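When a ligand or atom number is given, it counts from 1 through the structure's own listing order. All values below were derived from every heavy atom in this structure, side-chain atoms included, with hydrogens, water molecules and symmetry-related copies excluded. Everything numeric here is computed off the predicted structure, so don't read it as measured data.
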Amino acid sequence: MVQVDIVRLDPGLPVPSRARPGDAGADLAAARDVELAPGERALVGTGVALVLPDGYAAFVVPRSGLAVREGLGLLNAPGTVDAGYRGEVMVCLVNHDPSRTVTVRRGDRVAQLVVQRVEEAVFRVLEGVDDLETLANVAPSARGTGGFGSTGVAPGPHPATEGDSSRGR
Ligand SMILES: O=c1ccn([C@H]2C[C@H](O)[C@@H](COP(=O)(O)OP(=O)(O)OP(=O)(O)O)O2)c(=O)[nH]1
């Protein structure tokens with residue numbers, strides 16, 4: 001359990017809350033009405049600012065029901081809220097539906113916030129090394145440099161890699 005203090009910048013909006021006990025995400029409400037034409041995006045406030053403890057971050061992620069029913073997503077999903085951020089949590093909404101306008105009303109729960117512990121990685125340059133697989137202290141790996149569909153894409157070849165014999169099927 002971690003305590004995250006919240007400032008209500010817009011007291012008319014609900015505070016982030018879980019729909020059910022055990023849910024990972026706490027729903028965030030839109031601070032204003034917005035109409036999104038197909039493909040259109042908009043940056044919308046949520047009426048809250050957070051005090052995240054050091055070593056934590058919050059991630060703004062889409063709600064699957066809105067994605068499936070309306071095509072509403074978050075353009076930058078997952079949006080990263082840094083522990084040092086003192087501003088209003090914002091959501092970058094996007095309408096992925098090819099033909100229908102999405103209407104969002106103030107107070108609609110348009111996204112959810114997941115709070116997670118994050119490691120502070122320190123990046124160390126390995127001077128003079130240009131191939132990780134030559135390093136004695138790096139474990140041999142079945143994957144190696146394979147990626148981007150190297151294990152195949154069922155049920156058939158992907159159009160983007162068709163004819164490229166270097167990729168696995
Ligand atoms: O969905 C989001 C994403 C970001 N933010 C806020 C909190 C975050 O700490 C800050 C910066 O986000 P990010 O680092 O993703 O943005 P950037 O484009 O890299 O901007 P910056 O140069 O300010 O870091 O914006 C949100 O409120 N919602």
Is any heavy atom of the protein nearer than 4.0 Å to atom 1 (O) of ligand 1? yes
The test is side chain to side chain contact (heavy atoms under 4.5 Å, CB included); show your working for V91 and L74 and say whether it passes. CA-CA 7 Å; V91 291; L74 301 173; 4.1 Å; yes
For atom 20 (O) of ligand 1, is there a protein heavy atom at a distance under 4.0 Å? no
Counting heavy atoms only, name the option from L43, L50, L28, T80 that's nearest to atom 13 (P) of ligand 1. T80
Closest approach of E70 to N95 (non-hydrogen atoms, all atoms of both residues): O-OD1, 4.0 Å
Taking all non-hydrogen atoms of both residues, which atom of N76 and which atom of C92 are closest, and how far apart? OD1-CB, 3.6 Å
Quick check on D131: does its CG atom have over 12 non-hydrogen neighbours (other residues, nucleotides or ligands) under 6.0 Å away? yes
Heavy atom of protein inside 4.0 Å of atom 5 (N) of ligand 1, strictly below: yes
One should read off an interatomic distance between D108 CG and L13 CG, to the nearest 0.5 angstrom, of 10.5 Å
Check F59 against T80 and note the closest heavy-atom contact, atom names and distance. CE2-OG1, 3.8 Å
At under 4.0 Å between heavy atoms, which part of L74 makes contact with ligand 1: side chain, backbone, both or neither? neither
Please tell me if the side chains of V4 and L52 come closer than 4.5 Å, counting only heavy atoms from C-beta onward. yes
the protein heavy atom lying closest to atom 14 (O) of ligand 1 turns out to be D82 OD2, 3.9 Å
Sub-3.5 Å N/O-N/O distance, V60 and ligand 1: no
Atoms in ligand 1 flagged as close to V81, the criterion being non-hydrogen separation under 4.0 Å: 7 (C), 8 (C), 9 (O)
Which residue and atom name correspond to the protein heavy atom nearest atom 10 (C) of ligand 1, and how close is it? Y85 CD1, 4.0 Å
Within a reach of under 6.0 Å around CZ of R41, are more than 12 heavy atoms found that belong to other residues, nucleotides or ligands? no
V110 vs V44, side chain to side chain contact (heavy atoms under 4.5 Å, CB included): CA-CA, chis, key distance, verdict: CA-CA 10 Å; V110 288; V44 175; 5.9 Å; no
Indicate whether atom 23 (O) of ligand 1 is within a distance of less than 4.0 angstrom of some protein heavy atom. no
State the atoms of ligand 1, each with its element, that fall below the 4.0 Å cut-off from a heavy-atom position in M90. 1 (O), 2 (C), 26 (C), 27 (O), 28 (N)
Is ligand 1 less than 4.0 angstrom away from at least one heavy atom of N76? yes
For V89, counting its heavy atoms only, list the atoms of ligand 1 lying under 4.0 Å from any of them. 27 (O)
